[in-house]
Amino acid sequence: MALSTAFKVDGDTWALTNHVQDALRERHRGYLPPGSCELVPLSSALTASNALECTVLAVLPTMRVPEDVSWHVDLVYECTWSLLSALWRWNCVPGGRPAGAGRVERVLMTGLGTGTGGVGYERCARQMVLAALNFARGWGERPRWDDVEGRVEEIGRTRTL
């Protein structure tokens with residue numbers, strides 16, 4: 001509810017939730033699976049209502065309902081990759097964002113899955129950083145299994161934290 005309170009419009013705490021649910025219903029039939037990411041442009045009222053003047057919200061679920069997801073060893077890596085992919089499409093791919101929408105220049109986020117999800121802070125931080133590093137490095141043109149073994153081992157080393 002912290003985000004909903006921060007984005008309250010004319011006393012309506014549900015303004016942000018309703019806006020996001022409308023977008024998810026339109027684009028995903030109302031359900032965005034864990035590990036997926038959808039960038040939702042905010043209305044001018046929602047943008048004006050928040051102190052950071054946020055214009056886009058990344059919807060990035062780590063679970064279907066509040067529950068422990070610490071068993072999912074790559075969850076944070078996969079979610080971070082999905083976020084970076086969505087941002088890349090938004091900023092770099094022609095037609096990747098709605099007409100008139102600006103680039104996303106800054107991202108503010110919390111640790112993924114670290115609250116109710118039970119993911120440890122160190123594993124979360126390492127997987128987020130590793131996903132960002134691998135995303136920046138790219139995977140090359142048409143990689144084969146033996147081309148990615150080193151990165152798979154890197155990811156594997158974050159699983160036991």
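Everything quoted here is computed from the prediction, not taken from an experiment.
- One hydrophobic cluster holds both M128 and V69 under the rule that ILVMFWY side chains link at heavy-atom gaps under 4.5 Å.
- Every side chain to side chain contact (heavy atoms under 4.5 Å, CB included) that C37 has, sequence neighbours left out, goes to L39, A58, L60, S82, L83, A86.
- Between T160 and R157, the shortest heavy-atom contact is OG1-O, 4.0 Å.
- Rounding to the nearest 0.5 Å places CG of L57 at 9.0 Å from CG of L46.
- Of the residues listed (L16, L52, V20, T17), the one engaging F7 in a side chain to side chain contact (heavy atoms under 4.5 Å, CB included) is L16, and it is the only one.
- When all heavy atoms are compared, the tightest approach of H19 to L42 is NE2-CA, 3.7 Å.
- By the side chain to side chain contact (heavy atoms under 4.5 Å, CB included) test, R27 is found to be paired with A23, E38, V40, P41, residues two or more places apart in sequence or in another chain being considered.
- With R103 contributing its side chain and N91 its backbone, the two residues share a donor-acceptor pair below 3.5 Å.
- Under the 4.5 Å side-chain heavy-atom criterion for Ile, Leu, Val, Met, Phe, Trp and Tyr, V93 and L87 are members of distinct hydrophobic clusters.
- For the residue pair G35 and C79, the shortest heavy atom distance occurs at CA-SG, 3.6 Å.
- Heavy-atom contacts from other residues, nucleotides or ligands closer than 6.0 Å to CZ of R137 number more than 12.
- Listed by first and then second residue, the side-chain hydrogen bond (donor to acceptor under 3.5 Å, both in side chains) pairs that reach into residues 42-65 are Y31-R64, sequence neighbours excluded.
- Counting only heavy atoms from C-beta outward, the side chains of V119 and L112 never approach each other to under 4.5 Å.
- T80 has its side chain out of reach of F135: every pair of non-hydrogen atoms, C-beta onward, lies at least 4.5 Å apart.
- M109 and W81 are members of different hydrophobic clusters when ILVMFWY side chains are connected at heavy-atom separations under 4.5 Å.
- When the salt bridge (charged side-chain N to carboxylate O under 4.0 Å, His left out) test is applied to R123, no partner is found at least two apart in sequence or on another chain.
- By the side chain to side chain contact (heavy atoms under 4.5 Å, CB included) test, T13 pairs with M1, S4, T5, K8, sequence neighbours left out.
- Grouping the Ile, Leu, Val, Met, Phe, Trp and Tyr side chains by contacts below 4.5 angstrom, directly or via other members, places L130 with W139.
- For the pair P143 and V148, the tightest heavy-atom approach, listed with the atom from each and the gap, is CB-CG1, 4.0 Å.
- No side-chain heavy atom of R97 sits under 4.5 Å from any side-chain heavy atom of V56.
- Annotation: the span from H72 atom NE2 to M63 atom CE amounts to 11.5 Å, rounded to 0.5 Å.
- D12 pairs by the salt bridge (charged side-chain N to carboxylate O under 4.0 Å, His left out) definition with nothing, not counting sequence neighbours.
- One distance of note links OG1 of T158 with CD of E153; it measures 12.5 Å at 0.5 Å rounding.
- By the rule that hydrophobic residues join a cluster once side-chain heavy atoms approach within less than 4.5 Å of another member, Y77 and W88 end up as members of one cluster.
- A 6.0 Å sphere centred on CG of D10 holds no more than 12 heavy atoms belonging to other residues, nucleotides or ligands.
- Residues E78 and Q127 are not in side-chain contact: their nearest non-hydrogen atoms beyond the backbone lie 4.5 Å or more apart.
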* To do: For salt bridge (charged side-chain N to carboxylate O under 4.0 Å, His left out), just list the numbers for D147 and R144, CA-CA rounded to whole Å, side-chain angles, deciding distance to a tenth of an Å, and then say yes or no.
  => CA-CA 5 Å; D147 297 327; R144 303 297 186 239; 5.9 Å; no
